[in-house]
There are 2 protein chains.
Amino acid sequence: MSGELFERLRKRAVEIHVEDHLRARLERGDSLRVKLGLDPTAPDLHVGHLVVLDVLRAFQDDGHTVVLIVGDFTAMIGDPSGRSETRPILTRDQIDAAARTYLDQIHLVLDRDQLEVRRNSEWLGEMKGADLLRLLGKATLQQVLQREDFADRLKASSPIGAHEILYPFNQAFDSVAIHADVEIGGTDQLFNLLFGREIQKAYEQEPQDIAVFPLLEGTDGSMKMGKSLGNYIGLTEPAEEIYGKTMSIPDTLIEKYLRLVSGLEGPDLDAVLAMKPRDAKAALARQLVKRLHGDEAAARAEADFESKFRKREVPEEIPEFETGFPIRLVEAMVKSGLAKSNAEAKRLVEQRGVKVDGTVVTGDDPLQPGSVVVQVGKRRWVRFVVK
Amino acid sequence: MSGELFERLRKRAVEIHVEDHLRARLERGDSLRVKLGLDPTAPDLHVGHLVVLDVLRAFQDDGHTVVLIVGDFTAMIGDPSGRSETRPILTRDQIDAAARTYLDQIHLVLDRDQLEVRRNSEWLGEMKGADLLRLLGKATLQQVLQREDFADRLKASSPIGAHEILYPFNQAFDSVAIHADVEIGGTDQLFNLLFGREIQKAYEQEPQDIAVFPLLEGTDGSMKMGKSLGNYIGLTEPAEEIYGKTMSIPDTLIEKYLRLVSGLEGPDLDAVLAMKPRDAKAALARQLVKRLHGDEAAARAEADFESKFRKREVPEEIPEFETGFPIRLVEAMVKSGLAKSNAEAKRLVEQRGVKVDGTVVTGDDPLQPGSVVVQVGKRRWVRFVVK
């Protein structure tokens, strides 16, 4: 069973360290404490989080204990420099609410029985200045400044609050406090996770093994999924939203989503990967809704999407109109009968009633060579074949 | 009175900041809290410390309060990295003993009535991790890394313990804790003192004015005076030691010692500065002993030194011998009759029985042009005039 877990990890992880050590522990059947850190200032989980949550679930299924760390210590202090809007000060009530929200969402994936949820204020809040001084003494400034964002900001002469140096120490000390055997995270956490190993060694603990996993791009297909970027699919969104948003991802992301967050494995996964993009994407959307809202909701969301989509979609049979290149939109509309006159064509464009290949246009640009669908209002289409 | 104090400060200080602000406060007759930080791991004070102690005394004489900070906080923790031998861990008993030693010595110069002695563990020891995080948030890492020793070590890739970043913050917070109006120190403290201003501002206090003073070279004439360098004159050394060590400083340092640590001022100082070096140095030595052990001890130390010195000294009347340049030592000794033969001259040199200008020589080098005194044994001298 545990050899199997290691293979699953290796398939998904970008980097595992120390690979042989972790494999040996899993094969030996050690019971491990597997840590994931969570930021309580952004308690809405999204599909991007499924990458690591699924990995944690696999650990649970293999008999290990998952320890979630809610990083409330700095959140309760806020950014002491007062410069950052991304680290608001949270009250204990807000932290409590965030922690509850987290748990409600996390129970969609994780088993409550092999789960510890800890807040790092438990130990960091109790530290005295002298303890912190001792903690900082465990590493050099140069080690910390290797972290990519610090190195970049130093190079760019963009200010680093001196307190920010403490954050990797805090996160690393969380591993000491809970005696983590394994810590996982996104690839952007590689430095912090490795740093945890160093600090554990300095406190004479066996260092944790670490594994980092790909960051999932959002529905826009370019940026990492995140609430602030408006490109996310929340775990608790309504079924129809999850289905529709999933259908909006670019085809290039279908395989990554399927492999990392669909929950499908083995032959089931292979079957979907073999489908045409449109069908694979529908299978992914159905699968995500099923994971988060169940079978029935998945069927309903699919039906709902199909019906809306059919209404909006270009009918399969639409009149074709061949024309020479170059030709501008207004002229093409008049020639094909979509408008009675130049004046009517221009008015229709101005009223935002004209779409070219599904996109509302506002000017009189030439049509591109090839096949171009022009739609006027809700019901009239012409496919131009521009040669 | 206070305008006079400002002029005395300006004469001695290498840098005062903010000059106009400090002058105005002194002229207005504000009662100021004047801070000096002391390192409890090196509680033996030496003549180098008189530079700043005399300045503090001048503040006291002008009605201000001196606040000495014993930096026991880090001393009780030691160097958490375990790398530095220069920051041993001290127990509370050792700190207490060091503080007493300090006071015994400091009372040689300062008035007990306008003196507060504080330990920074009073406030730093009570800080929680969160307080320290807030403190660090008051400045950027880049500000701290401007400190010369940090900048140098970064450039040289020589390790900086992450905890060392805290030290300037700790020292700066001392100024906040005691509401310092002025902080003074050696020129090597310039960064820390200016940093104190920034941290006070961040805690919404009026920033302290600062003044830095020259570092006094030790008796070797080149390195800063310090116990570890073996070039220091301790404040509590016996009168004869203080007198003798002072007489051993190079002539080039006499004026600096007179101006910075003799305690002489105005016409008294001018009179000594006008003397020949030998006499000025004796006046300095007498004055230092007088300050630290009283008039009688000064007279005794001088007499003691004179008597020993006379025994060793070159007599006022010694035979002169003119000779052409170049001429080597052995040849000169034979020609002038100091030795009967080259062989005897060489043997005398080998037996370390020959001094040139007071220094034992071991080789047969040419004599320098000008006046050169060669001594053989205890009683025979020739002054060569090498042309």
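Chain A is the first sequence line, chain B the second, and so forth, proteins listed ahead of strands; every chain is numbered from 1.
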Got a second to check how far [X]'s [atom1] is from [Y]'s [atom2], nearest 0.5 Å?
| X | Y | atom1 | atom2 | result |
| --- | --- | --- | --- | --- |
| Ile165(B) | Leu133(A) | CD1 | CG | 11.5 Å |
| Ile160(B) | Gln143(A) | CD1 | CD | 12.0 Å |
| Met127(B) | Asp131(A) | CE | CG | 14.0 Å |
| His163(A) | Leu135(B) | NE2 | CG | 11.5 Å |

Q: Quick one: list whatever passes side chain to side chain donor-acceptor pair (under 3.5 Å) with Ser222(A), sequence neighbours left out.
A: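 Residues passing side chain to side chain donor-acceptor pair (under 3.5 Å) with Ser222(A): Asp220(A).
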Kindly list each side-chain donor-acceptor pair under 3.5 angstrom involving residues 97-104 of chain A, sequence neighbours excluded, with atom names and distances?
| from | atom 1 | to | atom 2 | distance (Å) |
| --- | --- | --- | --- | --- |
| Thr101(A) | OG1 | Ala97(A) | O | 2.7 |
| Tyr102(A) | OH | Asp39(A) | N | 3.2 |
| Tyr102(A) | OH | Asp39(A) | O | 2.5 |

Examine whether an atom of [X] lies under 4.5 Å from a heavy atom of chain A, and if so say whether it belongs to the side chain, the backbone or both; otherwise answer neither.
| X | result |
| --- | --- |
| Phe169(B) | side chain |
| Leu154(B) | both |
| Leu132(B) | side chain |

Q. Applying a criterion of heavy atom separation less than 4.5 Å, what residues of residues 118-126 of chain B form contacts with chain A?
A.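 At a heavy-atom separation under 4.5 Å, chain A is reached by Gly125(B), Glu126(B).
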Q: Could you list the residues that satisfy ring pair (Phe, Tyr, Trp, His ring centres under 6.0 Å) with His46(B), not counting sequence neighbours?
A: His49(B)
